[in-house]
Structure formats: C-alpha cells, structure tokens
There are 4 protein chains.
Amino acid sequence: MGVKERREREREQRKSQILDTARTLLLEKGLNATSINQIAKRSELSVGSIYFYFKDKEELFAALQVEGLELLYQTILRTVDQEALPEEKIRSIALAYLHFSEEHKNYFDIINYFLTSPKTIFPPDLKNKIDSHGNASILTLTSAIREGIEQNNFKPVDPRRQAVILWGVFQGMIQLKKLENTILADIGHRALYMEAVELFLDGLRIRNQ
Amino acid sequence: MGVKERREREREQRKSQILDTARTLLLEKGLNATSINQIAKRSELSVGSIYFYFKDKEELFAALQVEGLELLYQTILRTVDQEALPEEKIRSIALAYLHFSEEHKNYFDIINYFLTSPKTIFPPDLKNKIDSHGNASILTLTSAIREGIEQNNFKPVDPRRQAVILWGVFQGMIQLKKLENTILADIGHRALYMEAVELFLDGLRIRNQ
Amino acid sequence: MGVKERREREREQRKSQILDTARTLLLEKGLNATSINQIAKRSELSVGSIYFYFKDKEELFAALQVEGLELLYQTILRTVDQEALPEEKIRSIALAYLHFSEEHKNYFDIINYFLTSPKTIFPPDLKNKIDSHGNASILTLTSAIREGIEQNNFKPVDPRRQAVILWGVFQGMIQLKKLENTILADIGHRALYMEAVELFLDGLRIRNQ
Amino acid sequence: MGVKERREREREQRKSQILDTARTLLLEKGLNATSINQIAKRSELSVGSIYFYFKDKEELFAALQVEGLELLYQTILRTVDQEALPEEKIRSIALAYLHFSEEHKNYFDIINYFLTSPKTIFPPDLKNKIDSHGNASILTLTSAIREGIEQNNFKPVDPRRQAVILWGVFQGMIQLKKLENTILADIGHRALYMEAVELFLDGLRIRNQ
DNA sequence: TATGAATGAGATTTCATTCAT
DNA sequence: AATGAATGAAATCTCATTCAT
C-alpha cells in the first residue's frame with residue numbers, strides 16, 4: 001500500500017513539474033508559440049513522458065486553466081472579508097478579479113483564451129471540471145448577493161442570475177484594458193472598471209425614500 | 001489615364017476577392033487553422049500573389065477585422081431608429097451587437113480575437129485604423145446617452161464613459177454564450193443579456209418620485 | 001543626334017541610379033539577402049525596369065564588382081606618389097588595398113565574393129571586362145617592381161609574376177582579418193599584414209654586401 | 001547500458017550519414033544552392049529528422065567545415081615527413097594545402113566560404129571549435145619554422161607570426177586559381193604558387209656569406 | 001521604355017504525435 | 001514508466017523572372 005501511495009505521489013509531482021514548465025513557457029511566448037517539444041526540453045523530460053501524463057496538448061493546457069481558476073478562487077477567498085457588508089464583498093471580488101488579471105496575466109490570458117476562442121470544444125469530463133472550478137468563483141458572488149437580499153439591502157433579484165451578469169461585466173470591462181492606449185486614452189481604465197461595478201451595485205441597492 | 005484607374009479598380013477587386021476567401025476559411029476553420037496556403041489554393045491564386053497584396057498574415061487578418069468593425073457599424077446604423085427614444089436606441093444597439101455576434105460569428109470572433117489575444121501588437125497606423133472603426137460604433141451609443149441626458153431622462157453622466165462601459169458590458173455578456181451548456185445551462189443567454197442591459201438602463205434613468 | 005545623346009545620357013543615369021540602390025542594399029544586408037524586388041522598391045522603379053537595364057541579377061552585381069575594381073584602381077592611383085621609391089610605392093599600394101578593404105568593405109566583399117565563390121562562371125565578355133579592370137591595379141604593382149629592377153634595387157625577377165604573387169599575398173592576408181578575435185587574438189592584424197609585405201620586399205631587394 | 005551505447009553509436013552514424021549527403025550536394029551545386037529539403041530527400045530522411053540532428057542549416061554546414069579542417073590536418077600530417085628538413089616540411093605543407101584545395105575542392109570551398117563571407121557570425125562555442133581545428137594545421141607550420149630557427153637555418157623570427165603569414169599566403173595564392181583563364185592565362189598557377197613559397201623561404205633563410 | 005501583377009517553386013523551420021525499445 | 005528518434009505535413013514567406021499592357 002505504501003508503494004502505491006508513493007507512486008501516486010511521484011506521479012503528481014511529475015505532473016506539476018510539467019505544468020510548471022508549461023506555465024512558464026506560456027507566460028513567455030503565448031499559447032500558440034508554446035510547443036510540447038519545448039516543454040519537454042525545458043522540463044528535462046522526454047516528449048514521450050509528457051504524453052504519458054497528458055493525453056494531448058489540449059489536456060495539458062486545460063489543466064493549466066483549471067489551475068488558474070483555482071488560483072483565482074483562492075485569491076477571491078483570501079480577499080473577501082467574511083464580516084464585511086455584501087456591497088463591500090462584491091467590490092472586493094471585483095477588485096480581486098482585476099488584480100488577478102493584472103498580476104497573473106498569464107493565467108488570466110489562458111482562462112480568457114478558452115472562453116473566447118471560437119473553436120475549442122473540450123471533451124465533456126474536462127469541460128465539467130473546468131466549469132465546476134469556474135463556478136466556485138461565481139458562487140462567492142452569488143452568496144454576497146443573496147446575503148444582501150436577506151439583509152434587505154438589495155432588491156429581491158435572482159442572486160445567481162445577477163452573479164453571472166456581474167461576472168460578465170467584470171470580464172468585459174477587464175478586456176477593455178487593451179484599448180487603454182487608443183480608444184481609452186483619455187479615460188483611466190481602473191476608474192472606469194470600478195465605475196461599472198458601482199453602477200451595478202446602484203441598480204441592485206434598495207433606495208430608501 | 002483610364003489605364004491607371006482600371007488597374008486601381010482591379011487591384012481593389014483582387015484584394016476583396018482574397019479577403020472573401022480568407023473570411024470564408026476563417027469561418028470554417030477558425031483563425032488559427034486558416035493558413036495563407038489555403039487561402040491561396042481556395043482563391044485560385046499563388047501564394048506569392050497573396051503576399052503581393054498583403055504584407056503578411058497579420059495585415060490580412062487586420063483588414064478582415066476592419067471589415068468586421070465596419071459591418072458592425074453599418075448594422076447598428078441600420079437598426080437604430082433615429083426617431084426612437086434614447087432608451088430604445090440603446091436597446092436596439094445592444095440587440096444589434098448580439099445579433100451581429102450570432103449572425104456574423106466569424107467577424108465577431110476575429111474582432112474578439114484581436115481584442116483578447118494576449119500578444120498581438122499592431123503597427124501604430126493599423127492600430128489607429130482599427131480603433132477609429134471601433135470608435136464609430138461606440139459613438140452611436142454615446143449619442144444616444146447624450147440625447148437621453150438632454151431630454152432629462154438620464155442622469156447627467158459623462159456620455160462617453162458610460163458608452164464605453166456599456167460596450168464592455170455587451171462584450172462580456174456575449175462571451176458568456178460559450179457557457180450556455182454548462183454554467184448557464186439553466187439560464188437563457190439572451191434573456192440574461194437583455195437583463196444586463198435593462199439593469200444598466202435602470203441605473204441611468206432618472207426616477208420620478 | 002542631340003536626341004540620341006540625351007537618351008544615352010538618361011540611360012546611364014538610370015543605370016547608376018539602380019546601381020546606387022543595389023550597392024546600398026548590398027552593404028546593408030549582404031549579397032544573398034539583396035533581392036531584385038527590394039532594389040526595385042527602394043529605387044522607386046519597377047522590377048521590369050531593372051530587367052530592362054540588366055539582363056539578370058548576376059549582371060547587376062557584376063557591374064557593381066567592376067565599379068569596385070575601378071574605385072580600387074583610383075584609390076591606388078591617388079595614393080601612390082609617382083616620385084617615390086619603388087619600395088615606397090609598393091608599400092603604398094599594399095596599404096591602399098588594406099584601407100580599401102576596410103573603408104569600402106562592401107566593395108571588397110563583392111570583389112572577394114566573385115573571386116572565391118565556388119561556382120559563378122561569368123559569360124566571357126563580362127569576364128573580360130572584370131579582368132581588365134582588375135588588371136589595372138595589378139599593373140601599378142608591376143610598374144613599381146619593374147622600376148625597382150631598372151634602378152638596380154630589386155633582383156631581376158619577372159615583374160608581372162611578382163606583382164601577381166604580391167597581389168595574392170595582399171588578398172590572403174586581408175582575409176585573415178576575420179580571425180582577429182580568435183586565432184589572431186594575440187596578434188595585431190595590421191602589423192601582421194605589413195610584416196608580410198616587408199618580408200616580400202626583403203626577398204625582392206638586392207642586398208649590398 | 002549496452003542500449004545507451006548502441007543508441008549513441010547509431011546517432012553518430014545518422015549524423016555522418018546526413019553530413020555525407022550534405023557534402024555531396026555541396027560539391028554538386030555549391031553552398032547556396034544546397035537546401036535542407038534536398039539533403040533530406042537525398043538521404044532518405046524526413047526534413048524533421050535533419051532538424052533533429054542539427055539545430056539549423058548553419059550548424060550543419062559548420063559541422064562540414066570542421067570535418068574539412070580535420071581532413072586537411074590529417075592530410076598535412078600524412079604528407080609531412082617528420083625526418084625532413086624544416087624547409088622541406090614547409091614545402092610539403094604548402095603542397096599539401098594546394099592538393100587539398102584541388103582534390104577536396106568542396107571542403108576547400110566551404111572553409112573558404114566561411115572565411116571570406118562577409119556576414120556569418122557563429123555562436124561562440126562553434127567558433128571556438130572551428131578555430132581550434134584550423135589552428136591545428138597552422139601549428140604544423142609553426143613547429144617547422146621553430147625547428148628551422150633552432151637549427152640555425154632560419155632567422156630568429158616569431159614562429160607563430162610567420163606561420164600565420166604563411167597561411168595567409170597559401171590562402172591568397174590558391175584563390176588566384178580562379179584567374180587561371182584570364183589574368184593568369186600566361187602564367188602557370190602551380191608554378192606561381194610554389195614561387196611564392198620559395199620567396200617566403202628565401203626571406204626566412206639565413207644566408208651564409 | 002516602363003510598369004507591376006502574377007507565378008510557382010522552393011527556402012527554412014516547427015509541430016503534435018507515435019512507437020519500438 | 002520513460003525515452004527519444006522519426007515522421008511528414010504544414011506553416012510562413014521570398015525570389016528571380018516573365019509578360020501583357
């Protein structure tokens with residue numbers, strides 16, 4: 001039994017060793033320019049070994065995406081003060097996502113890539129894995145909204161729907177960063193981002209008359 | 001004299017003939033799987049000829065993007081009833097963008113690609129061309145918002161800022177379509193999209209008490 | 001008649017305009033990387049025009065070589081003091097060739113290229129033209145040696161043979177410059193070059209006992 | 001253990017098999033006209049395989065050059081009679097180089113190519129390898145000269161400097177062979193070559209009065 | 001004379017993947 | 001488990017040259 005466990009452990013180590021390299025290369029050269037051969041050379045493993053641990057290139061990069069989603073989730077968890085007001089929580093999550101997109105640009109890019117790339121249809125099991133990890137972050141939003149409703153601060157909306165919408169807003173707004181030097185030259189990106197968040201909070205809030 | 005003009009005309013025709021083929025392939029196989037070789041073969045030209053008309057692959061696809069932005073703009077123009085209320089205009093534009101993303105999926109994908117792809121740094125002149133075309137559509141939003149403010153229906157916000165935010169919302173929400181079969185399985189995408197728009201309008205509107 | 005002459009003049013101007021561009025590109029990118037298309041673009045002429053003035057790429061570059069040989073000859077003429085002693089003349093010519101190889105590196109490279117490249121067989125007429133231009137420089141050496149013999153300073157060798165040998169020595173020694181950073185790291189190239197020349201002068205000189 | 005060694009051996013065999021083909025093509029068509037594609041086809045390997053064994057075209061041809069330098073060195077070693085007088089040794093080496101340039105014209109051309117081509121900057125490690133191989137041949141000259149000095153037949157010159165000069169003379173004189181049919185039409189090339197060598201020896205020799 | 005569109009072969013290089021060992 | 005040689009298709013891009021206008 002000890003043997004089996006050790007094997008399992010080693011297997012996991014190898015896997016993350018490969019993922020480490022893949023991640024680094026991804027950051028350096030982008031998704032398309034990162035090849036299995038390069039990963040093999042850099043990680044001092046053989047090409048064959050990589051194919052032993054990952055069915056194909058797609059599976060490897062999907063694993064990285066799961067990693068990214070997990071990291072995002074952890075970041076959010078760490079950021080959100082459980083004692084804070086629902087509004088504050090939502091703001092924190094928004095900022096956490098923005099920070100994540102800036103500080104873990106590579107992860108953000110890969111998440112983004114699979115979200116926006118026209119083709120790429122994952123096999124169902126992989127897809128589920130990815131979705132459940134993605135869902136986790138959205139759930140934090142859902143909870144915050146539900147909480148706000150329960151405390152009579154938010155209108156009685158469907159928390160999950162609003163959470164998804166907010167998530168879409170985050171996503172769309174962050175992407176605008178690319179236009180910072182042209183269309184947005186005269187508008188600060190971060191201020192704009194937060195303005196969007198406030199707008200939606202405003203719509204959510206129950207106004208006391 | 002006539003010769004020069006005819007040549008010029010033929011040149012333009014060839015160019016759009018190439019773009020036609022490229023566009024078709026793009027639709028069929030996606031950006032990454034579309035190669036110059038294929039475009040050449042399909043358009044019954046030599047590879048060299050493609051390179052005679054376009055400096056490189058990037059220039060070709062950028063041209064396609066400009067085309068897409070232009071088409072989007074025209075679609076919006078056609079859709080928006082100049083007589084309608086500002087709110088209605090905004091709804092129309094939102095729907096126009098959604099339709100565009102569905103009916104001209106290939107164009108939407110290519111616009112999206114260049115917006116979200118991590119790398120891709122265009123030469124400045126190309127970038128400006130692209131941005132100015134993109135700006136056109138945002139301007140329609142800006143006008144509608146400004147109109148609403150002038151008619152005392154909207155709060156006195158900065159119309160351009162709100163327009164950009166709204167644009168980001170469109171963009172982010174449309175991308176969620178990809179999750180239709182998983183995270184959004186129980187939520188209709190189109191309804192959600194319009195709900196986001198209404199939310200935004202709600203925030204903008206001056207409430208008469 | 002005036003018409004004919006003007007035409008002739010214009011023809012020559014066009015030709016050297018093309019050569020100017022070709023030369024510049026040659027200097028920038030080397031022989032192999034310089035294409036007719038580039039020359040056309042840079043010289044603001046059409047590809048067709050270049051082929052009107054030059055039969056093919058080889059002829060164009062051979063013309064450049066003739067130019068180079070001519071320039072070398074002029075340089076030597078300018079350098080050599082007609083009143084100086086034969087020995088001095090030879091030293092001057094040696095230095096002139098070294099300088100030429102340094103200051104007109106592009107010309108030297110192209111001369112060198114055609115001299116050392118394995119294949120390249122020029123059509124006879126072109127070959128003769130090149131040779132006669134090359135000969136001119138060697139003739140200056142021949143004269144100096146003959147003079148030295150007549151003045152009883154040099155042994156009664158065959159002046160032309162010695163001239164050709166000397167020329168070969170120049171050529172071989174100059175090429176060693178490439179090894180300056182490795183094999184010759186500890187040996188100054190120029191000093192070595194002049195040492196070789198002195199060695200041969202030494203062999204040529206009649207020693208008075 | 002045996003497996004590893006066999007693999008290593010096979011690897012080396014493949015490598016020289018590729019080099020064989022490359023060499024042959026080089027001889028047939030010249031450096032510039034020899035493409036990786038052709039090498040692959042001729043050696044009945046895939047293009048990819050060539051790139052498995054050699055990083056790029058340059059590395060392949062540099063390997064050929066090293067081969068050539070090595071062969072030259074061996075030729076010299078075989079030619080030079082260790083018992084002979086220093087003068088004789090130098091003559092032998094001179095002749096050996098001339099023969100080498102005639103009989104292994106392809107190797108000579110490739111050595112020559114890298115020596116004279118304007119650009120070509122090798123990565124340092126490759127450069128060192130090449131230089132050390134080139135050095136070997138020069139060292140035989142150095143030894144012969146030093147020997148002559150020790151035997152009081154040669155003037156007390158710096159043996160290494162003289163060796164390098166002599167090498168340059170060989171190189172330059174051999175290149176003149178190209179002019180055999182024009183400038184040198186009336187002068188035998190080989191005789192001229194040896195005359196240059198004698199001239200050099202003459203300068204080196206101590207004259208007994 | 002001059003143009004410039006067109007060619008098509010060919011260059012170098014990279015890639016994901018397989019499979020015998 | 002792990003290796004790494006081999007593949008071969010495909011990708012992007014360049015080039016000298018021709019020829020109808």
Side-chain angles (χ1 to χ4, degrees), chain A residues 7 10-11 14 29 32-41 44-61, chain B residues 2-4 6-8 10-11 13-15 32-41 44-60, chain C residues 7 10-11 14 32-41 44-60, chain D residues 2-4 6-8 10-11 13-15 32-41 44-60:
Chain A
R7 287 230 174 126
E10 284 173 355
R11 231 180 113 96
R14 271 267 197 277
K29 329 186 144 197
N32 242 305
T34 299
S35 75
I36 298 284
N37 281 289
Q38 286 170 351
I39 297 172
K41 200 161 287 173
E44 292 180 327
L45 280 169
S46 66
V47 200
S49 293
I50 297 196
Y51 275 89
F52 178 79
Y53 288 101
F54 297 92
K55 184 174 128 282
D56 55 19
K57 208 190 175 189
E58 193 166 72
E59 191 175 294
L60 207 172
F61 284 113
Chain B
V3 173
K4 225 177 207 168
R6 180 163 51 75
R7 279 222 171 157
E8 177 66 21
E10 282 172 359
R11 222 183 123 94
Q13 280 172 2
R14 268 272 192 275
K15 247 186 141 160
N32 242 307
T34 300
S35 74
I36 298 284
N37 260 324
Q38 290 170 341
I39 297 173
K41 204 161 286 174
E44 292 181 327
L45 279 171
S46 66
V47 192
S49 293
I50 308 273
Y51 277 90
F52 181 78
Y53 287 98
F54 297 92
K55 187 173 125 284
D56 54 20
K57 208 190 174 189
E58 193 169 72
E59 189 175 298
L60 207 170
Chain C
R7 285 228 174 131
E10 285 173 356
R11 230 181 114 95
R14 271 268 197 278
N32 242 306
T34 300
S35 75
I36 298 285
N37 281 288
Q38 286 170 350
I39 297 172
K41 200 161 287 175
E44 293 183 324
L45 280 170
S46 66
V47 201
S49 293
I50 297 196
Y51 275 89
F52 179 78
Y53 288 101
F54 297 92
K55 184 173 128 281
D56 55 18
K57 207 191 176 188
E58 195 166 71
E59 191 175 295
L60 206 172
Chain D
V3 174
K4 226 178 207 168
R6 180 163 52 74
R7 278 220 172 160
E8 177 68 20
E10 283 173 355
R11 220 183 124 96
Q13 281 171 2
R14 269 271 192 275
K15 246 187 143 160
N32 242 307
T34 300
S35 75
I36 298 284
N37 261 322
Q38 288 170 341
I39 297 173
K41 204 160 287 173
E44 292 182 325
L45 279 170
S46 67
V47 195
S49 294
I50 309 271
Y51 277 89
F52 181 77
Y53 288 99
F54 296 93
K55 189 173 124 284
D56 54 19
K57 210 190 174 188
E58 193 169 72
E59 189 174 297
L60 207 170

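Lettering follows sequence order; numbering is per chain, from 1. Keep in mind that the numbers below use all heavy atoms, side chains included, and drop hydrogens, waters and symmetry copies. These numbers come from a predicted model, not from an experiment.
Within 4.0 Å of D:F52, counting heavy atoms only, lies at least one base atom of the nucleic acid. Using a 4.0 Å heavy-atom cutoff across all strands shown, A:Y53 reaches sugar-phosphate atoms only and no base atom. Among the heavy atoms of the strands lying under 4.0 Å from B:S46 is at least one base atom, whether or not backbone atoms are also near. Heavy atoms of D:S35 sit under 4.0 angstrom from primed sugar atoms or phosphate atoms, though from no base atom.
Residues C:F52 and C:R11 come closest through the heavy atom pair CE2-NH1, 3.8 Å. Shortest non-hydrogen contact noted between A:F61 and A:T34 is CZ-CG2, 4.0 Å.
Between D:R14 and the phosphate of F:dA6, there is a side-chain N or O to OP1/OP2 separation shorter than 4.0 Å. Between F:dA1 and A:R7, a contact under 4.0 Å exists linking OP1 or OP2 to a side-chain N or O.
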Subject >> Secondary-structure notation, DNA chain F, from Watson-Crick and G-U pairs under 3.5 angstrom (| other strand) >> reply: .||||||||||||||||||||
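Remark: P of F:dA6 and CD of D:E44 are 14 Å apart, rounded to the nearest angstrom. Whole-Å rounding puts the B:I50 CD1 to E:dG8 C1' distance at 13 Å. Remark: C1' of E:dC15 and NZ of A:K41 are 12 Å apart, rounded to the nearest angstrom. Per the geometry, NZ belonging to B:K55 stands 14 Å off P belonging to F:dT12, to the nearest Å. Distance, B:E10 CD to E:dA6 P: 8 Å, rounded to whole Å. Between the CG atom of D:L60 and the C1' atom of E:dT13 there is a distance of 14 Å, given to the nearest Å. Rounded to an integer number of Å, the gap from NZ of C:K57 to P of F:dA16 is 4 Å. One can place OH of B:Y51 at 4 Å from P of F:dC13, the figure rounded to the nearest angstrom.
Candidate nucleotides F:dA1, E:dA16, F:dT21 were compared by shortest atom distance to the side chain of A:R11, and F:dA1 ranks first.
The backbone N or O of A:D56 sits nowhere less than 3.5 Å from a side-chain atom of A:E59 that would complete a donor-acceptor pair. Of the possible polar contacts, none joining the C:K41 side chain to the C:S46 backbone as a donor-acceptor pair under 3.5 Å is found.
Within a 6.0 Å sphere centred on CD of C:E10, heavy atoms belonging to other residues, nucleotides or ligands number more than 12.
Comparing D:I36 and A:Q38 by the nucleotide of DNA chain E whose heavy atom lies nearest to each, the residue mapping closer to the 5' end is D:I36. Along DNA chain F, the nucleotide nearest to A:S49 and the one nearest to B:V47 differ in position, and the one closer to the 5' end is contacted by A:S49. Mapping A:T34 and D:N37 onto DNA chain E by nearest heavy atom places D:N37 at the nucleotide closer to the 5' end.
By the 4.5 Å heavy-atom criterion applied to side chains, D:I39 and D:V47 are not counted as neighbours.
For the atom pair NZ of A:K55 and OH of A:Y51, the computed distance is 10.0 Å after rounding to the nearest 0.5 Å. If you take CD1 on A:I36 and CG on A:L45, they are separated by 12.0 Å, rounding to the nearest 0.5 Å.
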